[in-house]
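Note sheet for the following structure.
Chain letters run A, B, ... following the sequence lines, proteins first and then strands; every chain starts at 1.
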Number of protein chains: 2
Amino acid sequence: MTNIRDLAKMAGVSVTTVSRVLNKHPYVSEEKRKAVLAAIESSNYQPNINAVHLSMGKTFLVGVVVPFIDHSYFALLIKGIAMEALENNYKLVLFQTNYDKERELEALQMLKQKQIDALLICSRASGWPTIADYISYGPIVLCEDGREKNVSSTFVDHYRCFLFALNYLYQKGHQQIGYCIGRKSGTSSKFRGMAYKDFVTRYHLQHNPSYIFNHCNYFEDGEQVIEQILKMEEPPTALLVTSDEVAAGIVTCAHKQNISIPEDLAIIGFNNQPIAQMMGITTIDIPLIEMGRKLFLQGINPSEQVTHQEMEMQLIERQSV
Amino acid sequence: MTNIRDLAKMAGVSVTTVSRVLNKHPYVSEEKRKAVLAAIESSNYQPNINAVHLSMGKTFLVGVVVPFIDHSYFALLIKGIAMEALENNYKLVLFQTNYDKERELEALQMLKQKQIDALLICSRASGWPTIADYISYGPIVLCEDGREKNVSSTFVDHYRCFLFALNYLYQKGHQQIGYCIGRKSGTSSKFRGMAYKDFVTRYHLQHNPSYIFNHCNYFEDGEQVIEQILKMEEPPTALLVTSDEVAAGIVTCAHKQNISIPEDLAIIGFNNQPIAQMMGITTIDIPLIEMGRKLFLQGINPSEQVTHQEMEMQLIERQSV
DNA sequence: TTGTAAGCGTTATCAG
DNA sequence: CTGATAACGCTTACAA
């Protein structure tokens with residue numbers, strides 16, 4: 001492999017000059033520039049990026065922590081992040097954690113070791129103190145309400161979101177409302193749970209724990225939801241489903257079991273994905289791609305300023321309510 | 001940031017000794033080891049990984065090229081790759097190319113620049129010659145039949161696979177068979193097309209171009225397929241669908257339109273994903289996660305040997321045929 | 001406008 | 001067992 005010194009020799013100039021033309025710095029005579037360019041051409045030279053990184057203390061690599069890559073919510077977030085990364089000439093290092101704290105630590109470790117310039121945490125299993133230990137090593141950005149924390153964040157207010165949807169269903173006449181989430185722990189579930197509790201209290205409704213369906217991440221998870229509902233003496237008349245894919249699975253299974261949507265069971269999905277449009281599912285639009293972009297920008301933004309971006313949600317009314 | 005030289009000073013030893021302790025090399029007296037360990041402890045030392053990379057000429061980063069991250073086929077492949085990467089202490093750099101040749105080039109460029117130790121190409125838009133230019137810079141592994149090419153590969157024989165499925169449908173009495181693919185170009189489509197042609201020829205069937213449905217990647221794409229079928233005077237009686245998700249979309253839409261599965265339209269999906277099981281779709285199982293693992297291992301395998309692994313497919317009979 | 005030389009933080013060789 | 005010291009390949013003061 002030819003290196004910058006070889007190039008210098010070939011072109012009859014110094015390494016500095018080579019470096020300058022490589023990095024398009026000014027103050028290089030046209031003559032020498034051409035010589036260097038010729039040397040580069042003829043030698044098929046390629047800079048060793050690791051040397052650049054060592055020298056600059058920067059890698060143009062940004063870490064992205066997600067629990068699952070094959071979940072539409074995260075896939076869309078990543079898509080947005082990837083788009084912005086592309087535009088800014090960064091590459092992404094993906095950490096699929098499966099909510100394993102060990103793997104989250106690996107990501108934080110890479111930040112500490114400077115192998116990545118920033119770390120975007122889309123969802124996490126680790127407690128905040130664990131992560132807080134690493135904020136001095138590089139920018140960490142959270143995809144959750146981080147206003148109480150000293151890192152940047154982009155998020156939707158899940159409390160407000162849920163409350164809005166619950167009220168909407170209530171206005172449509174529903175009093176027995178359940179909801180589906182991916183996991184019980186996790187900050188968004190916490191906020192949603194609070195919204196649900198407040199809603200139930202406000203309208204003096206029953207808080208029925210069996211109306212909360214956990215582990216709903218994929219289309220096929222809709223099956224269990226319907227199975228459980230069929231077993232209930234007093235099933236919910238409406239369901240908030242935190243992923244359109246799961247909502248689609250529920251609708252599909254409901255049809256199989258002759259449960260009419262929305263007559264027997266109203267459904268509100270989340271994220272406004274194509275599958276929801278196709279199946280006529282009312283949903284709450286969350287601009288995930290846009291969120292991904294913002295997350296990325298917060299990560300690489302050189303300003304030391306910690307910022308917080310709240311994203312707006314929007315109800316898309318279709319035929320499932 | 002404290003570095004290895006500071007450590008040496010603190011522990012009263014040489015950098016070499018520190019390095020030895022750090023890398024768990026033998027031949028260090030217990031006494032000095034303890035001193036170094038103490039220094040590491042007290043200084044909150046963290047090695048600069050970029051320096052390690054420069055010195056070793058290795059990054060423990062492996063690049064993965066996929067067109068879309070949010071497509072189940074690739075998501076599963078990545079899952080397998082990620083699992084194996086974890087076990088071998090590698091991290092992944094993800095390239096979501098959207099079948100943009102530019103972005104594929106970026107990935108190849110990173111291989112050339114030694115920022116990644118190997119590149120796994122799960123699917124590509126670039127022609128082979130473009131990629132062949134880079135094989136001297138590091139291991140490239142293909143997820144397609146690479147037996148004619150001088151790089152390692154893990155693949156399924158899409159020709160055999162398709163022919164098998166077509167014959168199966170023929171035996172079940174189908175003579176008007178269509179198929180759905182993600183894109184017309186691409187090596188797998190080429191093989192599938194050949195299988196289809198050979199099949200049609202063998203049984204003296206009509207080769208009806210409108211029986212080939214392109215752009216079928218996601219669940220919602222099933223809608224167009226059904227729409228088109230409804231318009232046909234002589235619609236296919238069976239469909240090979242190269243993704244279970246699309247198959248599920250087709251089945252869902254078919255129900256909506258009162259097309260009975262399998263009476264009016266038989267469906268064979270691909271990949272044996274949970275959604276297919278839930279919806280009772282007959283499918284061809286392809287061990288994608290296992291394939292991912294093998295791809296990864298071929299990438300980091302130090303042996304210079306080029307290897308080719310053909311994976312076996314398996315028909316899973318359910319209720320859609 | 002150009003070049004020398006000092007880093008950047010490791011690993012590895014080789015002589016003790 | 002231990003330690004100088006030379007790589008690794010690039011950037012960047014600083015000097016000219």
* Are any of the side-chain nitrogens in A:Lys294 or A:Glu84 under 4.0 Å away from the carboxylate oxygens of its partner? -> no
* To do: Whole angstrom is fine here: how far is it from CD in B:Gln46 over to P in C:dT10?
  => 10 Å
* Neighbour count above 12 (heavy atom, 6.0 Å) for B:Lys58 NZ -> yes
* Asked: For B:Gln113 and D:dC10, what is the distance between atoms CD and P respectively, to the nearest whole Å?
  -> 10 Å
* Does B:Lys101 pair with B:Glu106 as a salt bridge, N-O distance under 4.0 Å? -> no
* Structure fact -> Here the distance between atom P of D:dG3 and atom CZ of B:Arg5, to the nearest Å, is 15 Å
* Hey, mind stepping through B:Lys34 and B:Glu41 against salt bridge (Lys or Arg N to Asp or Glu O under 4.0 Å) and telling me if it holds? -> CA-CA 10 Å; B:Lys34 283 215 176 107; B:Glu41 189 66 27; over 6 Å; no
* Asked: Using a distance-only test with no angle check, is there a side-chain donor-acceptor pair under 3.5 angstrom linking B:Thr59 and B:His53?
  -> no
* For atom CG of B:Leu7 and atom P of C:dG9, their distance in whole Å -> 13 Å
* Roughly how many Å is it from CG in A:Leu54 to P in C:dT11, rounded to a whole number? -> 12 Å
* **Distance-only donor-acceptor test (3.5 Å): side chain A:Ser55, base C:dG7** => yes
* To do: Could you state the atom-to-atom distance from CD1 of A:Ile4 to P of C:dT4 in whole Å?
  => 14 Å
* Asked: Any chance CD of B:Glu310 has more than 12 other-residue heavy atoms, nucleotides or ligands included, within less than 6.0 Å?
  -> yes
* Asked: Hey, can you pull the residues of residues 8-38 of chain B with a non-hydrogen atom under 4.0 angstrom from DNA chain C?
  -> B:Thr16, B:Ser19, B:Asn23
* A:Met56 has a side chain; which of C:dT10, D:dC10, D:dT12 sits nearest to it? -> D:dT12
* Give the rounded distance in Å between these two atoms: CG of B:Asn50 and P of C:dG9. => 10 Å
* Starting at CG of B:Asn48 and ending at C1' of C:dG7, how long is that distance when rounded to a whole Å? -> 13 Å
